[in-house]
Amino acid sequence: MKLVPCLFVPMRRWCLAGLAAGLSLLGRPAATAQPLRPDSISTFRPAPVDSARLRSQRLRWLVGGSAVGYGVLYTGLTTSWYTGERAPLRWFNDLSEWKQLDKAGHFWGSFQISRGAVDMLRWTGLSQKESIWYGSFVGFAIQSPLELLDGRDPAYGASATDLAANFLGSSALLAQQLAWHDIRIMPKWSFHLTRYAAQRPNVLGSNVPERWLKDYNGQTYWLCTDVGAFLRSGNRWPRWLQPAVGYGGQDLVYNDAAANAAAGLRPYRQYYLSLDVDLRRIPTRSPLLKKVFYTLSIFHLPAPALEYNGRNGFRFHGLYL
């Protein structure tokens, strides 16, 4: 999907992922119907086994609320943004644009939406198997139909690689849930302001909220690993401390190489090695604080980082945002 000078289109991916994580604040943990694996730290817990009525009520509220929320979002897109001329569905190959950072965003969004869905289904009282299989592809199911709106817009087109990134995000969540009933490798996101937005504010953002959403130069995508979960029981590795590898890019002002070259820009990739704090592992007895930590766990926290890129080689950041 092309990056456009409108806040609403890039916002939709972040809103979907943020909404899925934010819904963790709605439910109160209940007694477990069946024990989770020892390494599982899901905020949601199944409903009591003897409360079929409560399970049914929770499931109805979850499905109904999600359907209404998605309907509002979809209707808002069709009535507020996609209001121009419509064309037959066509496909557009945007794989070469933005150094694939938009694909990383699709992966991250689909994974986090699916993560929220699995845990919320557990909260309703569904079995582990049902929660995992029904919830894991919610991210793909929610994000992918929006490509149809792009596909019928004469200025854009549906992107098969966006769909592939959505699928991979949900599949990565499914694979971990099937293997461990938990998440040991977490995709995360971070952002810092850059100088590039001033060169093209209509596309990269004219204020801080827009730049947060639209400036790929400031976005970094991470994979954070729960090392302690892979070690023997009784190890002394602090479970809240996780190594993280990151990916970003610079000189990304236009969505194609020719336009960037004409402006004297040479986009390049950046790779990072850092640490992260898994807020889900911070001990607390507060149910509310646990849910806040769960929600914030979609973000990589500021930390020292070692960067490598093909243009400047290695660089150390005392505190990378």
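This structure is a prediction, so every number in the text was calculated from the model and none was measured.
- Atom CZ of R266 has 12 or fewer heavy atoms from other residues, nucleotides or ligands within 6.0 Å.
- Of all heavy-atom pairs between M186 and S297, the closest is CG-O, 4.1 Å.
- Ion pairing of D119 with R280 is absent here, as no side-chain N (NZ or NE/NH1/NH2) approaches a carboxylate O to less than 4.0 Å.
- L301 CG to L275 CG: the interatomic distance, rounded to the nearest 0.5 Å, is 11.5 Å.
- Of the N and O atoms on the side chains of S190 and Y221, not one donor lies less than 3.5 Å from an acceptor on the other residue.
- Taking the ring axis of Y294 as reference, the NZ or CZ atom of R115 stays within 45° of it and closer than 6.0 Å to the ring centre.
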Inset, instruction - Apply the test salt bridge (charged side-chain N to carboxylate O under 4.0 Å, His left out) to residues R281 and D182: give CA-CA distance (whole Å), side-chain angles for both, the deciding distance (0.1 Å), then the verdict. - result: CA-CA 13 Å; R281 300 289 182 183; D182 195 14; 3.6 Å; yes
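- For the residue pair N309/E307, the side-chain donor-acceptor check at 3.5 Å is satisfied.
- Side-chain contact annotation: R122 with Q128, donor-acceptor N/O pair under 3.5 Å present.
- Taken from CZ in F230 to CZ in R184, the straight-line distance is 5.0 Å, to the nearest 0.5 Å.
- In this structure N312 satisfies the side chain to side chain donor-acceptor pair (under 3.5 Å) test with no other residue, sequence neighbours excluded.
- If you chain together ILVMFWY residues whose side-chain heavy atoms come under 4.5 Å of each other, W237 ends up grouped with V227, L231.
- A donor-acceptor pair shorter than 3.5 Å cannot be found between the side chains of E147 and S144.
- Other residues, nucleotides and ligands contribute only 12 or fewer heavy atoms inside 6.0 Å of the CH2 atom of W61.
- Counting only N and O atoms by type, the side chains of S170 and S110 include a donor and acceptor under 3.5 Å apart.
- The shortest heavy-atom contact between L101 and G248 is CD2-CA, 3.9 Å.
- Checked by atom type, the side-chain pair Q242/D278 shows a donor-acceptor distance below 3.5 Å.
- Counted by atom type alone, Q250 and N217 present zero donor-acceptor pairs between their side chains at under 3.5 Å.
- Dense packing is recorded around CZ of F191, with more than 12 heavy atoms of other residues, nucleotides or ligands lying under 6.0 Å away.
- Considering R315, H192, H300 as possible partners of Y320, the one that fulfils the side-chain contact (heavy atoms from CB on, under 4.5 Å) test is H192.
- Remark: side-chain polar atoms of N235 are paired, donor with acceptor, to backbone N or O of R232 under 3.5 angstrom.
- Residues Q177 and V118 are in side-chain contact: their nearest non-hydrogen atoms beyond the backbone lie under 4.5 Å apart.
- Under the 6.0 Å distance and 45° angle rule, R269 does not count as a cation-pi partner of Y247.
- Donor-acceptor pairing under 3.5 Å is recorded for the side chains of D94 and T161.
- For the residue pair V203 and K214, the shortest heavy atom distance occurs at O-CE, 3.1 Å.
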